[in-house]
*Asks:* 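Input: one structure, supplied below.
The sequence lines fix the lettering, A, B, ..., with proteins before strands; numbering per chain opens at 1.
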Number of protein chains: 2
Amino acid sequence: MSYKIKSRIWIESEDNVLLGEGRVHLLKAIDETGSLSKAAKSLNISYKKAWQLLDSVNKSAKKPVTINSIGGKGGGGAQLTKYGKSLIKAFDEINKNCWAFLDEQLSKIEHL
Amino acid sequence: MSYKIKSRIWIESEDNVLLGEGRVHLLKAIDETGSLSKAAKSLNISYKKAWQLLDSVNKSAKKPVTINSIGGKGGGGAQLTKYGKSLIKAFDEINKNCWAFLDEQLSKIEHL
DNA sequence: TTTCGTTATATCCAATCAAATATAACGAAT
DNA sequence: ATTCGTTATATTTGATTGGATATAACGAAA
């Protein structure tokens, strides 16, 4: 049984985490459900945690990543901005490339 | 001010963490000081944490990474094995390559 | 103006994690 | 035998984290 190489990448802004794997999952769930509370339920995390993550994302980003509305039809909701979608796309691509890169590096430890 | 990409890589064996950045730092300090307690002090971590890390490393590795001795001249000590040194070398190289790789990926977010 | 489901926030409690402390076991040297 | 500094381990305390709960604010629609 050989060793495996694992990795985590994330994007920072002024030493604050902007996007990591968990945050991207949350943003994708918001995009699918249209609300933060439904996204939290779909990910089986508490609303509190989801809200804290989203708040941190929007505070770290240069431009809004979601538009959140309170009240009104359906009680309100959250929507990804175009900017948010482009951030997710960039993260996913870099992350995928990183995995592929590390796969190539496996040869450096297969003899150990 | 632009975003930054950060990363962490680690090597796993049977779903146990074998080597990460912290563990590599500890092993290098052991190599320099010849003892686990001195290594812990030099890294400003508790002996307990250092011991737990080293124990986990040696339990996850296929072959011993350190040889630990109790009692005797100087009270005992810990020494890196050749195998441990080769693991560190491989980790460092892969990690360095990963940083360089992610530097190249920066162009994918510099417009965001 | 009442209803509704949501965002936003505070509070409390449990659980997990880290630090600090204490102590035994060890073996070469004296 | 005693000393010494180390490895190895348990215990306790404190800090941080996360979950659960409660509640206010909101605004469109009925």
Side-chain angles (χ1 to χ4, degrees), chain A residues 8 10 12 15-18 20-61 63-81 83-84, chain B residues 8 10 12 15-18 20-61 63-81 83-84:
Chain A
R8 279 268 150 127
W10 63 96
E12 282 190 8
D15 288 335
N16 296 314
V17 175
L18 166 63
E21 235 170 71
R23 290 161 193 243
V24 166
H25 282 153
L26 177 62
L27 293 179
K28 286 178 178 174
I30 289 173
D31 197 32
E32 289 163 6
T33 62
S35 98
L36 180 56
S37 62
K38 285 177 188 163
K41 278 182 191 133
S42 83
L43 295 181
N44 271 85
I45 62 176
S46 64
Y47 175 84
K48 177 190 176 184
K49 185 170 182 180
W51 183 85
Q52 284 174 333
L53 280 173
L54 182 59
D55 186 54
S56 169
V57 167
N58 277 317
K59 278 180 177 156
S60 305
K63 298 196 283 181
V65 172
T66 63
I67 302 294
N68 311 322
S69 63
I70 313 178
K73 179 182 180 181
Q79 278 197 330
L80 278 193
T81 61
Y83 184 67
Chain B
R8 281 266 151 127
W10 64 96
E12 282 190 8
D15 288 333
N16 297 314
V17 175
L18 166 63
E21 234 170 71
R23 289 162 193 241
V24 166
H25 282 153
L26 178 62
L27 292 179
K28 285 178 178 173
I30 289 173
D31 197 33
E32 289 163 7
T33 62
S35 97
L36 180 55
S37 63
K38 285 177 188 164
K41 276 179 192 137
S42 82
L43 294 181
N44 271 83
I45 62 177
S46 65
Y47 175 83
K48 178 190 175 185
K49 184 171 182 179
W51 182 85
Q52 284 174 332
L53 280 174
L54 182 59
D55 186 54
S56 168
V57 167
N58 277 317
K59 278 179 177 158
S60 306
K63 297 196 285 181
V65 171
T66 63
I67 302 292
N68 311 322
S69 63
I70 312 178
K73 179 182 181 182
Q79 277 197 331
L80 278 192
T81 61
Y83 183 66

*Asks:* May I ask you to verify whether the side chain of A/Lys49 and the base of D/dG18 hold a donor-acceptor pair under 3.5 Å?
*Replies:*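 Answer is no: no donor-acceptor pair is held.
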*Asks:* Tell me whether the OP1 or OP2 atom of C/dA8 has a side-chain N or O from A/Asn68 closer than 4.0 Å.
*Replies:*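 Yes, within the criterion.
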*Asks:* May I have the distance from B/Lys41 (atom NZ) to C/dA19 (atom P), rounded to whole angstrom?
*Replies:*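 Between P of C/dA19 and NZ of B/Lys41: 16 Å.
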*Asks:* How many whole angstroms separate atom CD1 of B/Ile70 from atom P of D/dC4?
*Replies:*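 After rounding, the gap between these two atoms is 20 Å.
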*Asks:* Under the side chain to side chain contact (heavy atoms under 4.5 Å, CB included) rule, what do B/Val65 and B/Leu54 come out as? Steps first, then yes or no, please.
*Replies:* CA-CA 9 Å; B/Val65 171; B/Leu54 182 59; 5.6 Å; no
*Asks:* Base, sugar-phosphate alone, or nothing: which one does B/Lys48 contact when heavy atoms must sit under 4.0 Å apart?
*Replies:*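 B/Lys48: base contact, heavy atoms under 4.0 Å.
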*Asks:* So, do B/Val57 and B/Leu18 sit near enough that their side-chain heavy atoms are less than 4.5 Å apart?
*Replies:*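 Heavy-atom side-chain distance check passes, below 4.5 Å.
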*Asks:* Within the structure provided, determine whether B/Lys41 and B/Thr33 are in side-chain contact (heavy-atom separation under 4.5 Å).
*Replies:*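 When only atoms from C-beta onward are counted, B/Thr33 and B/Lys41 do not touch, as no gap falls below 4.5 Å.
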*Asks:* Counting only N and O atoms by type, is there a donor-acceptor contact under 3.5 Å from the side chain of B/Ser35 to the main-chain atoms of B/Ala78?
*Replies:*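 No, B/Ser35 side chain to B/Ala78 backbone: no donor-acceptor pair under 3.5 Å.
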*Asks:* Side chain of A/Ser37, heavy atoms from C-beta onward: which of C/dT7, D/dG19, C/dA19 has the nearest atom to it?
*Replies:*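 The answer is C/dT7, which lies nearest to the side chain.
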*Asks:* Pick the nucleotide of DNA chain C nearest each of B/Gly74 and A/Gly34; which residue has the one closer to the 5' end?
*Replies:*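 Result: A/Gly34.
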*Asks:* Any side-chain N or O of B/Lys73 less than 4.0 Å from the OP1 or OP2 oxygen of D/dG5?
*Replies:*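 No, B/Lys73 has no side-chain N/O under 4.0 Å of OP1/OP2 on D/dG5.
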*Asks:* A/Asn68 versus A/Asn58: any side-chain heavy-atom pair under 4.5 Å?
*Replies:*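 SC-SC contact between A/Asn68 and A/Asn58 confirmed.
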*Asks:* From the set C/dT6, D/dT7, D/dG19, return the single nucleotide nearest to any side-chain atom of A/Ser46.
*Replies:*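 Out of C/dT6, D/dT7, D/dG19, the nucleotide with an atom closest to A/Ser46's side chain is D/dG19.
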*Asks:* What is the distance, to the nearest angstrom, from the CG atom on A/Asn44 to the P atom on D/dG18?
*Replies:*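 It works out to 16 Å between those atoms.
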*Asks:* What is the distance from OH of A/Tyr47 to P of D/dT23, rounded to the nearest Å?
*Replies:*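 Roughly 17 Å, once rounded to whole Å.
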*Asks:* Calculate the interatomic distance between A/Ile30 atom CD1 and C/dT6 atom C1'; express it in whole Å.
*Replies:*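 Computing the A/Ile30:CD1 to C/dT6:C1' distance gives 13 Å.
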*Asks:* Output the rounded distance in Å from CG (A/Leu53) to P (C/dA8).
*Replies:*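 One finds 14 Å between P of C/dA8 and CG of A/Leu53, rounded.
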*Asks:* Using whole Å, report how far CH2 of B/Trp51 lies from C1' of C/dA20.
*Replies:*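 Between C1' of C/dA20 and CH2 of B/Trp51: 17 Å.
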*Asks:* Could you state the CD1-P distance from A/Ile45 to D/dA20, rounded to the nearest angstrom?
*Replies:*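 My rounded result for the distance is 12 Å.
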*Asks:* Using heavy atoms to find the nearest nucleotide of DNA chain C for A/Asp55 and A/Gly75 separately, return the residue whose nucleotide is more 5′.
*Replies:*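 Its nearest nucleotide lies further toward 5', so the answer is A/Gly75.
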*Asks:* Can you tell me if the side-chain N/O atoms of B/Ser35 get under 4.0 Å from OP1 or OP2 in D/dG5?
*Replies:*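 Looking at the OP1 and OP2 atoms of D/dG5, neither is under 4.0 Å from any side-chain N or O of B/Ser35.
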